[in-house]
Structures are given as structure tokens and as C-alpha cells.
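Working notes for the structure below.
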Amino acid sequence: TNVDALIGKRGVVCVDIERDDDNGRVMVDGLDWRAKSIDNEPLSKGTKVEIVERDSVILIVKKL
């Protein structure tokens with residue numbers, strides 16, 4: 001699917017990503033996705049991130 005094409009793209013956290021939680025949200029190419037941090041680091045709204053992998057419909061991100 002085209003979801004794999006998201007890996008390597010950049011986005012912005014639009015709902016805080018908390019530790020041990022996958023209810024955070026990121027905006028990538030104008031679309032809103034569920035997300036969690038690859039290193040379990042909390043990321044606040046407005047943080048720029050890169051998509052490093054995906055787990056089903058959850059994007060795994062790292063801080064830029």
C-alpha cells in the first residue's frame with residue numbers, strides 16, 4: 001500500500017505523544033495519523049518528526 005511510502009517523510013505532532021501510549025497524532029502530507037515515538041520519548045504538539053516505520057495503522061516516529 002501507499003502507507004509504506006510514508007517511511008522517511010516528515011510530519012508534525014498535532015496531539016501530544018505520551019510515554020507508553022499510541023494515542024498521539026501526527027500530520028503528514030495533510031493527513032492525520034496515530035503515532036508513537038520509536039524511543040518512547042514524549043513529544044509535544046508542534047514537534048517536527050520523521051516517520052521511521054509503521055505498525056499497522058500507527059506510525060512510529062522520531063524527533064528531528
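All values below come from the heavy atoms of this structure, side chains included, with hydrogens, waters and symmetry mates left out.
No donor-acceptor pair under 3.5 Å is formed between the side chain of Arg19 and the backbone N or O of Pro42.
Taking CD1 from Ile17 and CG from Asn40, the interatomic distance works out to 10.5 Å, rounded to the nearest 0.5 Å. A distance of 7.5 Å separates CD in Glu53 from CD1 in Ile7, rounded to the nearest 0.5 Å.
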Can you give each donor-acceptor pair under 3.5 Å made by side-chain atoms of residues 55-64, sequence neighbours left out, with the distance rounded to 0.1 Å?
none

Could you tabulate the donor-acceptor pairs under 3.5 Å formed by side-chain atoms of residues 24-34, not counting sequence neighbours?
| from | atom 1 | to | atom 2 | distance (Å) |
| --- | --- | --- | --- | --- |
| Arg25 | NE | Asp32 | OD1 | 2.6 |
| Arg25 | NH2 | Asp32 | OD1 | 2.9 |
| Asp29 | OD2 | Lys9 | NZ | 2.6 |
| Arg34 | NE | Asp22 | O | 3.3 |
| Arg34 | NH2 | Asp22 | OD1 | 3.1 |
| Arg34 | NH2 | Asp22 | OD2 | 3.2 |

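Follow the hydrophobic side-chain contacts under 4.5 Å out from Val13 and you reach Leu6 in the same cluster.
Checked against side chain to side chain donor-acceptor pair (under 3.5 Å), Asp16 has no partners two or more places apart in sequence or in another chain.
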